[in-house]
Amino acid sequence: MNWKKTALIAFDAVLAGYVVLAVTAFNKPDTASLTCTQVDIEIEQDEVPGLLTPQDVKLLLQQQSQYPLMKPLDSIKTRRIAETLEANDLVEEAVVYKTIAGHVAIRLRQRMPVMRVMPDGQADYFLDQHGDPMPARLYTANLPVATGHISRQYAKQHLSQIGVLLAADRFWQNQVEQLNVLPDGTLEMVPRVGRHIVALGKPDDIEHKLERLKKFYRYGLAQAGWHQYSRISVEYSNQIVCRK
């Protein structure tokens with residue numbers, strides 16, 4: 001009885017394995033006879049508005065003869081498409097894959113400029129959200145400009161974080177025109193509205209300095225007038241010093 005039971009169990013296991021194999025084999029799509037009927041392009045969005053659109057991605061691939069629409073699925077090299085996209089200065093990462101529905105999916109994460117940097121005596125460039133430089137030719141939008149004594153290390157360590165803060169707040173997007181880095185590393189800000197200069201001091205705790213400044217704009221200058229002061233300092237905690 002034990003021998004018969006063991007044989008029956010073994011037969012059942014073999015039969016189950018055959019069924020699984022048969023179902024897998026018979027349901028596997030014949031990619032040689034399939035073509036790409038749709039390209040799905042998705043670009044990851046962040047707090048900072050990006051530059052690329054799905055139409056830009058399509059045009060880029062078409063220019064490189066890599067756009068997969070209506071091509072046989074087995075001839076589409078997803079890794080090559082991803083490498084083509086990642087070679088672009090605006091693309092941080094690209095993931096490309098095929099679906100069983102005959103589609104090609106493209107998922108992009110893009111680099112986003114947050115500030116234009118114009119250092120003394122050096123070529124200007126844009127700074128992305130990670131503090132890495134981007135060629136100035138890529139972008140013409142109205143971003144804050146940083147000038148003065150700016151090293152690449154200072155830009156990466158401090159200016160990129162400030163740029164992300166400014167870009168994430170619509171008020172500061174519209175209000176900040178320029179940041180100036182003084183020889184001692186302290187910061188001044190030139191606003192779009194008002195005739196004053198804002199002294200930010202050392203490039204630390206910028207978020208709280210901006211919060212105090214925004215409250216002063218809202219409850220102080222809104223009552224006294226935007227042209228009352230020539231200099232407003234938020235360098236030190238718990239105080240705002242104004243000069244007429």
Side-chain angles (χ1 to χ4, degrees), residues 43-53 56 85-94 108-218 226 231-235 240:
I43 301 176
E44 182 179 316
Q45 298 299 322
D46 208 331
E47 292 180 344
V48 182
L51 305 178
L52 288 173
T53 66
D56 295 328
L85 293 171
E86 289 175 349
N88 187 281
D89 289 321
L90 294 177
V91 177
E92 181 178 345
E93 183 182 23
L108 283 185
R109 183 163 67 244
Q110 58 183 318
R111 300 175 64 195
M112 291 165 285
V114 295
M115 189 173 296
R116 185 164 192 167
V117 182
M118 304 179 69
D120 290 345
Q122 301 178 45
D124 63 317
Y125 58 91
F126 285 99
L127 202 63
D128 74 6
Q129 74 272 34
H130 304 300
D132 296 320
M134 300 174 67
R137 60 178 171 78
L138 292 176
Y139 199 58
T140 58
N142 199 13
L143 291 173
V145 176
T147 59
H149 295 67
I150 306 172
S151 66
R152 287 295 175 97
Q153 181 180 359
Y154 187 99
K156 185 177 183 68
Q157 184 176 354
H158 301 298
L159 293 183
S160 61
Q161 297 179 20
I162 297 173
V164 170
L165 282 175
L166 299 180
D169 189 307
R170 187 168 295 276
F171 175 81
W172 294 121
Q173 286 178 23
N174 296 322
Q175 175 65 354
V176 178
E177 182 173 8
Q178 180 180 343
L179 293 171
N180 187 43
V181 182
L182 302 179
D184 62 357
T186 57
L187 283 164
E188 292 179 336
M189 186 180 81
V190 180
R192 298 185 191 278
V193 179
R195 298 173 183 171
H196 55 273
I197 299 296
V198 177
L200 294 172
K202 295 180 180 179
D204 53 22
D205 201 29
I206 296 295
E207 184 173 5
H208 291 104
K209 292 176 181 178
L210 291 177
E211 286 178 1
R212 284 191 285 125
L213 181 60
K214 184 188 287 189
K215 289 179 181 178
F216 179 70
Y217 278 162
R218 181 176 298 168
W226 284 85
R231 186 175 181 84
I232 299 172
S233 173
V234 292
E235 297 178 67
I240 296 177

So which atom in [X] and which in [Y] form the shortest heavy-atom distance, rounded to 0.1 Å?
{"X": "Asp124", "Y": "Pro119", "result": "CA-CD, 4.3 Å"}
{"X": "Gln129", "Y": "Ser160", "result": "O-CB, 4.5 Å"}
{"X": "Arg152", "Y": "Pro133", "result": "NH1-CG, 3.4 Å"}
{"X": "Asp132", "Y": "Lys156", "result": "OD1-NZ, 2.8 Å"}
{"X": "Gly185", "Y": "Val181", "result": "CA-CG1, 4.2 Å"}
{"X": "Ile232", "Y": "Leu213", "result": "CG2-CD1, 4.2 Å"}

Side-chain contact test, heavy atoms from C-beta onward, threshold under 4.5 Å: evaluate it for [X] versus [Y] and give yes or no.
{"X": "Leu166", "Y": "Gln175", "value": "no"}
{"X": "Leu165", "Y": "Gln161", "value": "no"}
{"X": "Leu108", "Y": "Val91", "value": "yes"}
{"X": "Glu92", "Y": "Glu44", "value": "no"}
{"X": "Val198", "Y": "Tyr217", "value": "yes"}
{"X": "Leu182", "Y": "His149", "value": "no"}

Look up atom [atom1] in [X] and atom [atom2] in [Y], then write down how far apart they are to the nearest 0.5 Å.
{"X": "Leu187", "Y": "Leu159", "atom1": "CG", "atom2": "CG", "answer": "6.5 Å"}
{"X": "Glu188", "Y": "Arg231", "atom1": "CD", "atom2": "CZ", "answer": "4.5 Å"}
{"X": "Met118", "Y": "Gln178", "atom1": "CE", "atom2": "CD", "answer": "9.0 Å"}
{"X": "Glu93", "Y": "Arg109", "atom1": "CD", "atom2": "CZ", "answer": "4.5 Å"}
{"X": "Met189", "Y": "Glu177", "atom1": "CE", "atom2": "CD", "answer": "11.0 Å"}
{"X": "Ile240", "Y": "Lys215", "atom1": "CD1", "atom2": "NZ", "answer": "9.5 Å"}

* For Ser151 and Gln153, does a side-chain donor sit closer than 3.5 Å to a side-chain acceptor? -> no
* Within 45° of the axis and under 6.0 Å from the centre of the six-membered ring of Phe126, does NZ or CZ of Arg111 qualify? -> no
* Ion pair check, Asp204 and Lys209, cut-off under 4.0 Å -> yes
* To do: Using a cut-off of 6.0 Å, state whether more than 12 heavy atoms not belonging to Lys202 lie near its atom NZ.
  => no
* Asked: Do other residues, nucleotides or ligands put more than 12 heavy atoms under 6.0 Å from Arg218 CZ?
  -> no
* From the options Leu200, Leu210, Ile206, Asp205, select the one residue that forms a side chain to side chain contact (heavy atoms under 4.5 Å, CB included) with Val234. => Leu200
